[in-house]
Amino acid sequence: MTLAWTQNTLPAPFDAERCKTGFERWAELARKPIWENQAAQFAELAENPAHRNVLGALFGNSPYLTSLALRDPDMIAIAFNDGLDKAFDTALADVSQPASAAGTDQATAMMQVRRAKRRAALVIALADISNSWDLVKITAAISKTAETTLNYTLAHCLSATARQRSLDLPNPDDPLRDCGIFAIGMGKLGANELNYSSDIDLIFLYDGEKIGWLAPDRMQQILVRMVRDITRIMEERTGDGYVFRTDLRLRPDPASTPPIMSALAAETYYETVGQNWERAAMIKARIVGGDYKAGQDFLKILRPFVWRKHLDFLAIQDIHSIKRQINALRGGSKVNVPGHNIKLGRGGIREIEFFAQTQQLIWGGRELSLRCRSTCEALRELCKFKQISETVRDELIEAYEFLRNVEHRLQMTNDQQTQTLPESEEGLAALACFLGYDDCEGFKNDLMVYLRRVESHYAELFEEDSPLGGTEGSLVFTGNEDDPETLRQLQQMGFENATMVSSTVRGWHHGRYRATRSRRAREILTELMPTLLTSLSETTNPDMAFRAFDEFLKGLPAGVQLFSLFTANPELLRLLATIAGTAPRMAKYLGRNASVLDYVLMSGFNDELPDAATMLDQLNEQLSQPGAEMVEQWLDIARRWANDQKFRIDVQTIHNRHTPHQAGKALADVADVSIRGLFPRIAADFAQKHGGFDEGGLAVFALGKHGGQELSPGSDLDMVFVYDVPEGCEESDGEKPLSPGHYFIRLSQRYINALSAPTAEGVLFETDLRLRPSGSKGPLACHFNSFDSYQTNEAWTWEHMALTRLRPVFGPEKLQQKVMESTRRVLRKERDFHKLVRDVFDMRNRMAASKGSDQAWDIKLRRGGLVDLEFIAQYLQLNHAHNHPEILSPTTRKVFKKLGKAGILPAEEAAWLANASSFWLALQAMVRLTTEGRFSPENASADLRGMLAGAGQCEDFSELEKKLADTAERVKQVYDRLITEPAEKLGPIAQSD
């Protein structure tokens, strides 16, 4: 009975010379002392024709199996004498009881598990090549070998850890019982379908409530070290060989988690950010080591994650994307026998597995019979469930068994983890012979039949799927590893660091950002990926654009709504790509305020902004909507409205759709309208408690760039608050009256908070009140008489320079007029030329000493930059307004035009200075929008260089750099002629001055 299996059809020896050498080495075994008691038996085995045919099949086809037979010839004898089943049990006998590992040292444990694996592999090979066991039994035996050796290793390591007094095992003599630590077998190990040279995919988890810790503060560290010891013992090659290569990358988010994690943490991960490919992997999950009860409890908890109650057709695309990733490997794109990958290529094993798994995911939630781990069993159940025909079932199972047999012969030849067919005809012929074929053509023909059948059935299942990588190439980011074809495609698209892009996108799919933590968000993002990456690649620095988009994504509070918006409106995605590639500051802002993108879709977004009066009507309408009755609501509404407008202006700026002074005025109008919309409501709310005054009130005035209507992106608002009340009025008329000074100072603080206090919608505008009378030492709001007296009698020259840009924004009309009349009177007064020019000269030098810059792109402070231009305009106004009041204007560009018209400057020079002002403002606005920190031409993308050249009205960046230098030099020459040279001729300022 035990000899029956040796009579089966066996493959002929392909290499006669190797076969002859194998028998010679077998004969030499008799001379080795270790085998002297079995020498006669070994000689008899070689002489028996049936036994000799078995040995010949080993020696003539597989160097690896030859080495096993010559190392453990007693296993051959046991198989011949007692049968294959008995031989297999004998091979694993020494490690079949994990409890026996408790007292072993590491060297002994390593030797025993290697010896068991080696001997079991030999028996399984004998059963395989003789067709004595069917495929199910063969793969189950390999899987049992892995499970048995793993448990023995785990028991040894647990016991060793406990002996170091790091762990309190409940059963030291039987370390695995109730230990709370378990290993989940994934993939083929979980399904009992391991191939001959498989890795084993494992997830190690622990139940923290079951473990007795002697050092709880070092719990994680101890367990990680133990798991590393387990994997080292299993896969390290020694003189006794190795056991199994282990792969821990199927655990939750392997790039961010330790080799072993708590069951609770894993459960939380799967429930919140688990992906469809992980659901597919979990179909085959089985407890293969450690505390089986704790492990089974965990898998029971995970059932709702794997098996959804409702039909899950969305899973198809994710699962198909994994298959697309597999097809990217060599041999995947077409069926070609030499070099074809029979696992990952077209028509291969993985297509059969995915054919079954996809439908299991879809239907397994409602049909319990489909929740099986075995691929062939799943196909049979799908047929019973009427999802596939009997023909499809039979053809796929037959193909699966054929391809698995080919896989085993490939691997057992040299113990290589390969599924790739030989490239050479000789290699194919050797493989065909090992499979029992008389000639290579017969094998090739059969193989092509099976591959085409599988390919046809798989294609039919996915025939309605849209391509995942767009019209060209493959863009797949499923699983834990980079897809080679995707990396190549990314490089072709222009991404230099394709690995960074691939790993970052996989991180998105792992839910590392808030915006991608929901399953639906990740599904939509998957669909968007080809369009997104194509849009980013069309910028001239795709890597920078991608990193900026990643920052944008990192800042999003949620993703589904926005990703859906992108899906419906791809032009938004292209706009975002442009912003990400050229304006990272805007991209960061969008990450915090993504709702502003809704505004882009509104008709007229690219039109010119309406005038301030129209905008005020729009804002007032929103502030007056039902339910907007509290200050907090007004603040949020104003911020949303203003941010929409600012974003609109910024987008138009990066596209050069308006002139610099148009952009500056538009931003100033937004600030003005925000003030005029909010402040009356703030004042009315304040008056409910404190009342008001019959006449007078509080007026708001803009200074600096706000006053000049030359705001740049991110500019502060320089403001002054001036109030007035009837003479003799001592307090307000409210329930809680306040003195005028106290009243308007507190109201001013409310105004400031309305602009600059952060809310859920961010900050409206930052404010700066240092230009008020007496600067930071003065009150927030000053009485008109104090303002008038201070400016007339006490203000410094630099304060009058600032006063040239004073502009009324909000408040009682009569008070605004009084303040402006006072201001004009101060600005028109006749001045001591000597003192004026020295004051201006001295102030600019002090500014240069404390804040000056020699950086060419420090547009504001460099010599010949914006500050010099503004000083020229302000100095000339103060010097000539007495005789030419018409030159007064808060806007620098207009001042120069008026100076030319008045004949104070040559007309041509005045026009040039006005244009220089526009030039500097345009560059400053573009740099502020697009650059964080100091602008560096060397690091600027080609896109940004082009945008700056366009803003500066130049053909290219080199022309812009020349214009930059020429403009600065010419402005400095004008400054020196008008201010530096006269001041220096006067000499040092005398003490009496």
Tell me, do Q221 and R225 make a side-chain contact under 4.5 Å, heavy atoms counted? yes
Flag, side chain of T104 to backbone of A109, donor-acceptor distance under 3.5 Å: no
Evaluate side-chain contact (heavy atoms from CB on, under 4.5 Å) for L202 paired with V227, printing each intermediate quantity in order. CA-CA 11 Å; L202 299 172; V227 168; over 6 Å; no
With D94, the salt bridge (Lys or Arg N to Asp or Glu O under 4.0 Å) member among R114, R118, R115: R115
Minimum heavy-atom separation for F204 and A183, please, with both atom names. CE2-CB, 3.7 Å
I342 and E407: CA distance, side-chain angles, deciding distance, side-chain contact (heavy atoms from CB on, under 4.5 Å) verdict: CA-CA 7 Å; I342 59 167; E407 179 183 48; 3.9 Å; yes
K284 and Q357: CA distance, side-chain angles, deciding distance, side-chain contact (heavy atoms from CB on, under 4.5 Å) verdict: CA-CA 9 Å; K284 296 181 180 294; Q357 282 179 302; 3.8 Å; yes
Within the side chain of Y206, is there an N or O that forms a donor-acceptor pair under 3.5 Å with the backbone of C179? no
Heavy-atom closest contact (L194 atom, D199 atom, distance): CD2-O, 3.7 Å
Donor-acceptor pair, side chain of Q359 and main chain of F355, under 3.5 angstrom: yes
Is the shortest heavy-atom distance from the side chain of R245 to the side chain of S197 under 4.5 Å? yes
Nearest-0.5 Å distance, CE of residue M110 to CG of residue D240: 9.0 Å
Would R232 and D229 pass as an ion pair if we require N to O under 4.0 Å? yes
Rounded at 0.5 Å granularity, tell me how far CD1 in I181 sits from CG in L154. 7.0 Å
Look at the side chain of R251 and the backbone N and O of I260, then say whether any donor-acceptor pair between them is shorter than 3.5 Å. no
Q491, CD: over 12 other non-hydrogen atoms inside 6.0 angstrom: yes
Decide yes or no for V306 and R371: does some side-chain heavy atom of the first lie under 4.5 Å from some side-chain heavy atom of the second? no
Pairing of K144 and E147 as salt bridge, 4.0 angstrom limit: no
Checking F549 against F552 for the ring pair (Phe, Tyr, Trp, His ring centres under 6.0 Å) test, could you report, in this order, the C-alpha distance in whole Å, the side-chain angles of both residues, the deciding distance, and whether it holds? CA-CA 5 Å; F549 181 84; F552 162 77; 5.6 Å; yes
Backbone of D173 reached by a side-chain donor or acceptor of N171 within 3.5 Å: no
Note, Y196 side chain near L410 side chain (heavy atom, < 4.5 Å): no
Report the residues that fulfil salt bridge (Lys or Arg N to Asp or Glu O under 4.0 Å) with R119, sequence neighbours left out, ordered by chain and then residue number. D72, D74
To the nearest 0.5 angstrom, please state how far the CG atom of L532 sits from the CG atom of L525. 7.0 Å
Main-chain N/O of A191 paired with R373 side-chain donor or acceptor, under 3.5 Å: no
Would you kindly say whether T139 and R404 are connected by a side-chain donor-acceptor distance under 3.5 Å? no
Would you check if K210 and D178 make a side-chain contact, meaning some heavy-atom pair closer than 4.5 Å? yes
Considering non-hydrogen atoms only, spot the tightest contact between A93 and S96 and give its length. O-OG, 3.0 Å
Are more than 12 heavy atoms, taken from residues, nucleotides or ligands other than Q97, located less than 6.0 Å from that residue's CD atom? no
What are the two closest heavy atoms between F182 and A263, and how far apart are they? CZ-CB, 4.3 Å
I'd like to know if the side chain of E193 and the backbone of T375 have a donor-acceptor N/O pair within less than 3.5 Å. yes
With a 4.5 Å limit on heavy-atom distance, are the side chains of Y400 and L379 in contact? no
Could E353 and K343 be called an ion pair, given the rule that one side-chain N must be under 4.0 Å from one carboxylate O? no
Please report the shortest heavy-atom distance between A120 and L92, naming the atom on each side. CB-CD2, 4.0 Å
d(E235 CD, Y242 OH) to nearest 0.5 Å is 10.5 Å
Does T231 use its side chain to pair, donor to acceptor, with the backbone of R228 at less than 3.5 Å? yes
Any chance you could lay out the side-chain contact (heavy atoms from CB on, under 4.5 Å) test for E381 and Q360, step after step, and finish with the verdict? CA-CA 10 Å; E381 291 299 329; Q360 284 180 278; over 6 Å; no
Could I get the full list of salt bridge (Lys or Arg N to Asp or Glu O under 4.0 Å) partners for D168, not counting sequence neighbours? none
Hey, can you tell me if Y270 and F305 have their rings parallel, tilted or perpendicular (30° and 60° cut-offs)? tilted
d(I287 CD1, F298 CZ) to nearest 0.5 Å is 8.0 Å
Do I200 and V288 have side-chain heavy atoms sitting under 4.5 Å apart? no
Nearest heavy-atom contact between N151 and G289 is OD1-CA, 3.2 Å
Hey, could you give me the OG/CD distance between S502 and Q489, rounded to the nearest 0.5 Å? 12.5 Å
Quick one: does any side-chain atom of T149 pair with a main-chain N or O of T145 as donor and acceptor, under 3.5 Å? yes
Give the intermediate values and the outcome of salt bridge (Lys or Arg N to Asp or Glu O under 4.0 Å) for residues R380 and E377. CA-CA 5 Å; R380 295 186 184 99; E377 185 183 352; over 6 Å; no
Heavy-atom donor-acceptor pair, N341 side chain to L344 backbone, under 3.5 Å: yes
Side-chain contact test, heavy atoms from C-beta onward, threshold under 4.5 Å: evaluate it for T246 versus L150 and give yes or no. no
Can you confirm whether more than 12 heavy atoms, excluding those of K293, are under 6.0 Å from its NZ atom? no
